[in-house]
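Letters go in sequence order (proteins before strands), and every chain restarts at 1. On a predicted model such as this, the values are computed, not experimentally measured, just so you know.
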Amino acid sequence: MAGLAAAFGSGAMTNSIAELEDADCILVIGSNTTSSHPLVATRIFRAKEKGAKVIVVDPRKIQLVHQADLHVRHNLGTDVALVNGIMHVILANGWHNQAFVDERTEGFEELRGVVEQYTPERTAEITGVSVEDIRTMAEWYAKARASSIVYCMGITQHTTGVDNVKSLANLAMLTGHIGRESTGVNPLRGQNNVQGACDMGGLPNVYPGYQAVNVPENREKFEKVWNAKLSDKVGLTIPGILEGLNSGSVKAVYVVGENPMVSDPDIHHVEKALRSAELLVVQDIFLTPTAELAHVVLPGASFAEKDGTFSNTERRVQRVRQAIKPIGQARADWEIIQDLSTRFGYPMNYESPAAILDEVAQVTPSYGGITFDRLEGDGLSWPCPNSEHPGTKFLHAGRFSRGLGLFHAIEYKPPAEVVDVDYPFWLTTGRVHVHYHTGTMTRNSPSLHEEMPEGFLEINPQDARTLGVKSGDTVRVSSRRGEVLVRVDLTTRVRQGMVFMPFHFVESCANILTNPAHDPIAKIPEYKVCAVTLEKAA
Amino acid sequence: MEYRTVLTTCTYCGCGCGLYLEVMDGHVVNTIPCKTSPVNEGKLCVKGWNVHEFVHSPKRLTQPLLRKNGELTPVSWDEALDFTVKRLREIREAHGSDCLAFLASAKVTNEENYLIQKFARAAVGTNNIDHCARL
Ligand code: SF4
């Protein structure tokens, strides 16, 4: 989300989900929407019924392609080049919004300088997308009354993830498709409360509400409310924590409801790091592979067993309500932390989650007017600065959060790992519709498990023939980091030279193969591209 | 027989669909979509329709575990929390606050995430806190 924050001053989805319905053009890039965000896909279908043009940019023939007016299969990791090429065509034809550029943005001349070099011909050569398709995308997107961009991990999980996002922000600003109803740049968050975890300061560089830890006024404010001395040093991200464990500079890790043993790239490396911890505490609802390595495992409560709030991908804060008592001796996670903190010598005595949210409102300007009482009904979308404020449907109307929108002139860089003679196939990873993240919950749900009990590898029938494998055969997939055995599924969803694996399955774990090389700013690993080789397993 | 429905928010993806959990005698037995939710307007995907199923899974963790002689062994909350606090303190004293790191979660509530980072920052004294937002 660093890319959007740099361009606009806020990293969140700019517009609400419902507004998609009234867009005239929707550009879906790197989001397998029907699988990962089905109820967002519904809005795209409705827009289509109302006459919107739907453009899907994805190397795989995902389900949404059947609804698309145009499907573009670019080479893996060439998003920056593609968007630069689209902007080149827009500028060459004068389809951009000069008034918006003049009044609302800065950095345009630098952008123009770079974009000029991405002629349709050169872009086609890098991306594998035809000159004609590049032109069509440019024309539809730029000329529509309201165009909206929807993206997900297919954009961010690259070593150039931040560049990819900045490129999309460039495109929206160039054409003025931002700060209005049914426009914007809309990242779909993968897990249900990623937005909330970020909003609440579950990040090493910011307090709740994205208030930087290294700005003295912010630190002083929190020191006062929390009655504690705070560090002004930006903390470590997950890759940094793992490196720290390996080098010995990090000794203890406390994990709440996360499963890096399945979700993180290069699992062998993760396991080695976690095993070297002097103390590993895992608080979760299942004994995950990460919990199996722990010294202490604390049973948390599921969403059905506690009160609280989640913030969805469109910044809407909604209630979670307790339906039953925690199972066995399990306890709500807020109660566990509070008890731990008190025993640690920093007492916490909140009566309820409602009281915690009141403190959040006190220290977080964008949540300033959000209380349990006001969340009955539709919830509230932040920013909601005071108790009268109705919440905010779309961001950046009239003014960007940072003032002027900032263009970033960005050159295309190839992925960190490319195919070669030893590892001739491109591997990309993703989600499937019945499973969720590392499968901890969905694979313990009989109906969902039955639907898809095991992992698979999608391979083009041509490639399968060359390797001599049939549907249902098992292959050994190897990368520079490890190997897994997995059943193959022959399909033209992937084109020749490319294979796809979902990452939910621990026994055929895609993340043994993936490349931990990550974006230098956002530290998101390059899950979407690595090089592998395949052979038929005996 | 006790029967209730409880309006809540789906725990799976970032759409945040509204749904009712049907509760019978202390068990969550079924899920019904919420027709008035502005997000899903009465629809759910296959994950949402089955969101109650993992709640009573026999594989749920039901008591604290502590590694003893290499094995994770059931213990009381007091023992688990006191051990954790003792070790956190020892390690902080020996190596400083920045030797401790915390992972918050995209799966727990806002209030819980707030407390986790507050514990890391105010009680332990480190900004080493992150979560799997990137995944
Ligand atoms: S019902 Fe489906 S689309 Fe809605 S929040 Fe749950 S997983 Fe997401």
Test item: [X] side-chain N/O and [Y] main-chain N/O as donor-acceptor pair under 3.5 Å:
X	Y	answer
Lys107(B)	Gly257(A)	yes
Gln329(A)	Thr62(B)	no
Asn127(B)	Lys233(A)	yes
Thr9(B)	Val320(A)	no

Residue pair [X] / [Y], side-chain heavy-atom distance below 4.5 Å:
X	Y	answer
Leu357(A)	Tyr114(B)	no
His95(B)	Glu278(A)	yes
His37(A)	Cys45(B)	no
Arg319(A)	Thr8(B)	no
Glu112(B)	Ile337(A)	no
Val40(A)	Cys15(B)	yes

Problem - Contacting moiety of Phe83(B), where chain A heavy atoms sit under 4.5 Å - result: side chain
Problem - Residues Glu305(A), Arg60(B): salt bridge by 4.0 Å N-O rule - result: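 Salt bridge: yes.
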Problem - Pi-cation contact, Phe344(A) with Arg89(B) (under 6.0 Å, within 45°) - result: yes
Handout entry: Leading residue by heavy atom contact count with chain A [cutoff under 4.5 Å; candidates Thr5(B), Leu72(B), Asn40(B)]
Key = Leu72(B)
Exercise for the section: Could you verify whether a donor N or O on one side chain and an acceptor N or O on the other, from Asn110(B) and Thr309(A), lie under 3.5 Å apart? Expected result: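 Side-chain D/A pair, Asn110(B) to Thr309(A): present.
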